[in-house]
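Just so you know, these numbers use all the heavy atoms, side chains as well, and skip hydrogens, waters and symmetry mates. Proteins get letters first, then strands, A, B, ... in listed order; numbering begins at 1 in each.
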Number of protein chains: 2
Amino acid sequence: MSTGPTALPKFRRQRPDQRRRVLMDATLQCLATHGVEKTSVRTICETAGVSIGLVNHYYASKEALIADVYRQLADDLLDTLKTRVAATAGDARTRLIAFIRASFAPDTLDPGLLRVWLAFWTMTLSTPAIAAVHTRTYADYRRFLEHLLGELAAECAFPRLTVRQAAIGLNGLLDGLWVEWCLNPETFTPDEGIALCTVWLDGLIAG
Amino acid sequence: MSTGPTALPKFRRQRPDQRRRVLMDATLQCLATHGVEKTSVRTICETAGVSIGLVNHYYASKEALIADVYRQLADDLLDTLKTRVAATAGDARTRLIAFIRASFAPDTLDPGLLRVWLAFWTMTLSTPAIAAVHTRTYADYRRFLEHLLGELAAECAFPRLTVRQAAIGLNGLLDGLWVEWCLNPETFTPDEGIALCTVWLDGLIAG
DNA sequence: TGCCTTACTGAACAAACGTTCAACAAGAAA
DNA sequence: TTTCTTGTTGAACGTTTGTTCAGTAAGGCA
């Protein structure tokens with residue numbers, strides 16, 4: 001058996017940003033399917049189809065890679081929500097409900113995604129680099145909610161809360177319900193989750 | 001240098017339930033201060049002041065020990081909340097607000113406690129034994145909220161939600177705000193958290 | 001064509017992991 | 001006092017971890 005003159009190349013060189021993307025995707029997939037515990041540099045590289053050494057060639061540490069994944073995923077998620085809201089015509093309340101509905105869409109309401117998020121939250125409490133990503137991400141998210149709630153306040157004022165406070169509250173309610181549902185989907189249906197957020201919204205207006 | 005006839009005993013025998021308690025306390029302390037990543041059997045035993053072999057003498061695995069800690073801590077926490085509500089006289093709304101205030105008390109609102117809880121939640125998604133504890137714990141918690149909200153419904157009906165749904169919603173709001181605050185205490189004050197939950201409650205009544 | 005940069009590989013390393021188990025000794029029982 | 005039970009110890013084991021780095025080879029350039 002001869003390798004022949006036209007043996008397949010062992011690997012292909014790629015542009016740094018392409019390789020980084022491959023590593024990030026693989027990391028995300030590992031975190032979602034196997035959890036943090038089983039997400040090792042080896043697992044990531046195997047999933048990405050590269051050798052063990054490549055992670056530390058592109059990132060200072062495994063930690064830095066995960067921080068990059070956090071940033072990317074959070075940005076993508078917010079973009080998805082923004083897009084879905086932008087595709088919705090109507091008054092402020094209608095747009096807010098579109099935001100809520102998007103938050104309870106099947107691709108967001110995924111236990112795998114929660115597994116990833118729990119890893120990020122855990123690292124937020126001990127890794128300054130990840131805490132920085134969390135702070136920026138949470139601020140972006142809340143800013144968009146404040147934008148939507150500001151429009152609502154213009155149409156019908158809610159005297160008991162500031163726009164900032166309302167955004168914090170709705171964000172908390174969405175996050176809390178998201179966590180509970182992913183941890184045990186038997187407890188309530190996504191539609192009930194949407195209903196709960198809608199009642200919060202109307203309770204806000206009623207004052 | 002002689003050891004002498006009255007050398008100090010190397011260890012003291014203890015009753016199984018006492019030793020288990022010591023191991024659980026040490027595990028809790030490790031999880032809260034160092035996080036899951038750094039909570040090894042060795043760290044736990046060092047904190048408990050015992051040798052490495054003792055964990056596997058009392059528990060089938062490290063996992064079983066953590067499940068025991070989860071059960072104990074969740075029960076203790078709910079008991080604390082129940083006690084504080086029981087110490088409050090007044091109508092249903094007053095008692096519910098006492099529950100909310102207790103949820104935002106300094107000993108509950110602790111990033112160390114969140115670190116522990118995140119570990120439990122993470123394991124809930126991959127370890128059936130821990131998922132079982134989560135399901136029972138969450139049910140207990142919600143049952144108590146349903147009890148309180150049932151009394152509220154008797155005084156002033158809220159037509160848009162069932163008592164069960166209202167309990168799920170308030171639980172989600174409390175959990176969500178708790179997580180966000182622990183991850184970044186700068187975002188809002190505990191008093192604002194209490195206010196947000198109170199507005200939710202009054203919005204429920206207003207219907 | 002041959003050179004040269006550098007993306008990429010993968011064996012090697014030290015540290016840390018959960019678990020095991022033969023040996024030890026504390027303290028009650030006889 | 002001696003015997004016996006068993007709570008407790010801690011060295012040892014086989015894995016797995018993140019990181020390193022000398023070497024390999026892909027692919028643009030002259």
What pairs of donor and acceptor atoms, side-chain ones from residues 94-104 of chain A against any protein atom, are under 3.5 angstrom apart with sequence neighbours left out?
from	atom 1	to	atom 2	distance (Å)
A:T94	OG1	A:D91	OD1	2.4
A:R95	NE	A:E151	OE1	3.3
A:S103	OG	A:F99	O	3.0

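- Judged by distance alone, with hydrogens and angles left aside, the side-chain atoms of B:W200 form no donor-acceptor pair with the main-chain N or O of A:W200 at under 3.5 Å.
- Following rounding to the nearest Å, A:R15 (CZ) and C:dT6 (C1') show an atom-to-atom distance of 16 Å.
- The number of heavy-atom neighbours closer than 6.0 Å to CD of A:Q14, taken from other residues, nucleotides and ligands shown, is above 12.
- Judged as a ring-ring contact (aromatic ring centres under 6.0 Å, His included), the pairs with a partner in residues 51-84 of chain B (not counting sequence neighbours) are, in order, B:Y70-B:W117, B:Y70-B:F120.
- When the nearest nucleotides of DNA chain C are assigned to A:P16 and B:E37 by heavy-atom distance, the more 5′-ward of the two goes with A:P16.
- For A:Q29, the side-chain hydrogen bond (donor to acceptor under 3.5 Å, both in side chains) test picks out no residue, with sequence neighbours left out.
- Residue-level contact check: B:Y58 touches the backbone only, with heavy atoms under 4.0 Å from sugar-phosphate atoms and none from bases.
- For B:K38 and D:dT17, the NZ to C1' distance is 11 Å, given to the nearest whole Å.
- Residues passing the side-chain hydrogen bond (donor to acceptor under 3.5 Å, both in side chains) test with B:R20: none are found, sequence neighbours excluded.
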Reading 5' to 3' through nucleotides 24-30 of chain D, protein heavy-atom contacts under 4.0 Å coded B for base, S for sugar-phosphate only, - for none
-BBS---

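- Other residues, nucleotides and ligands contribute only 12 or fewer heavy atoms inside 6.0 Å of the CD atom of B:E46.
- In this structure, A:E46 places its CD atom 19 Å from P of C:dC8, rounding to the nearest Å.
- The CD1-P distance, from A:I44 to C:dC8, rounds to 17 Å in whole Å.
- Considering only side-chain N and O atoms, A:H57 lies nowhere under 4.0 angstrom from the phosphate OP1 or OP2 of C:dC8.
- We find that CZ of A:R20 is positioned 11 Å from P of C:dC8, with the value rounded to whole Å.
- At whole-Å resolution of the value, CG in A:L54 and P in D:dT20 are 14 Å apart.
- Here the side chain of A:W121 pairs no donor or acceptor atom with the backbone of B:L114 at under 3.5 angstrom.
- Using a 4.0 Å cut-off, no side-chain N or O of A:S51 falls inside it from OP1 or OP2 of C:dG10.
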Quick test: give all pairs of protein nitrogen or oxygen and nucleotides 18-21 of chain C nitrogen or oxygen below 3.5 Å, distance rounded to 0.1 Å.
from	atom 1	to	atom 2	distance (Å)
C:dG18	OP1	B:K62	NZ	2.4
C:dG18	OP2	B:V41	N	2.9
C:dG18	N7	B:R42	NH2	2.6
C:dG18	O6	B:R42	NH2	2.6
C:dT19	OP2	B:K62	N	3.1

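- Following rounding to the nearest Å, B:L23 (CG) and D:dG7 (C1') show an atom-to-atom distance of 12 Å.
- For B:T137 (side chain) and B:V133 (main-chain N/O), a donor-acceptor pair under 3.5 Å exists by modelled atom type.
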